[in-house]
Amino acid sequence: MTTEELKINVEKALEEIRPFLQSDGGDISLLAIEDDKLVKVQLQGACVGCSVNRMTLKSGVEMTIKKYAPQIEQVINIEV
């Protein structure tokens, strides 16, 4: 998978999970993909102060991204 294909697949994954985040007043944006293994995202809105955002990041976002791009090893949230 090329770097461009990887980015497209990660964006598809975020589009899949975005409605769930938005239904709770949050959102997510892709900041970077490093070494085709690490995805940096930024949780936004209600997700920023949410006490379960780490669980959302691991069990929701990371799992969905890995479904579209299995070579991704880690997804991290970059706080503002």
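The residues of the chain are indexed from 1 along the displayed sequence.
- Both Met1 and Ile65 belong to a common hydrophobic cluster when Ile, Leu, Val, Met, Phe, Trp and Tyr are linked at side-chain heavy-atom distances under 4.5 angstrom.
- Within 6.0 Å of atom NZ in Lys7, 12 or fewer heavy atoms from other residues, nucleotides or ligands are found, so the atom counts as exposed in its surroundings.
- From Lys37, atom NZ reaches atom CD of Gln71 across 10.5 Å, with rounding to the nearest 0.5 Å.
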Decide yes or no on side-chain contact (heavy atoms from CB on, under 4.5 Å) for Glu79 and Val48, but give the supporting numbers first. CA-CA 8 Å; Glu79 296 182 20; Val48 173; over 6 Å; no

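- For the atom pair CD of Gln42 and CG of Asp27, the computed distance is 10.5 Å after rounding to the nearest 0.5 Å.
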Please walk me through it: do Glu15 and Arg18 pass salt bridge (charged side-chain N to carboxylate O under 4.0 Å, His left out)? CA-CA 5 Å; Glu15 286 303 315; Arg18 188 167 277 126; 2.4 Å; yes

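- Atom CD1 in Ile72 sits 4.5 Å away from atom CG in Leu6 (nearest 0.5 Å).
- Lys12 NZ to Glu5 CD: the interatomic distance, rounded to the nearest 0.5 Å, is 9.5 Å.
- Residues Ile78 and Val41 fail the side-chain proximity criterion, which asks for heavy atoms closer than 4.5 Å.
- For the pair Glu16 and Tyr68, the minimum side-chain heavy-atom distance is below 4.5 Å.
- By the 4.5 Å heavy-atom criterion applied to side chains, Leu38 and Glu73 are not counted as neighbours.
- Here CD1 of Ile76 is found 10.5 Å from CD of Glu62. Values are rounded to the nearest 0.5 Å.
- Heavy atoms only, all atoms of each residue included: Asn77 and Leu43 are closest at OD1-N, 2.8 Å.
- Annotation: the span from Asp35 atom CG to Thr3 atom OG1 amounts to 10.0 Å, rounded to 0.5 Å.
- For Val52, the side-chain contact (heavy atoms from CB on, under 4.5 Å) criterion is met by Cys50, Met55, Thr56, not counting sequence neighbours.
- Nearest heavy-atom pair across Cys47 and Gly26 is SG-CA, 3.7 Å.
- Side-chain atoms of Gln74 and Lys58, non-hydrogen and from C-beta on, do get closer than 4.5 Å to each other.
- Residues Asp24 and Ala46 approach most closely at O-CB, 3.3 Å, considering heavy atoms.
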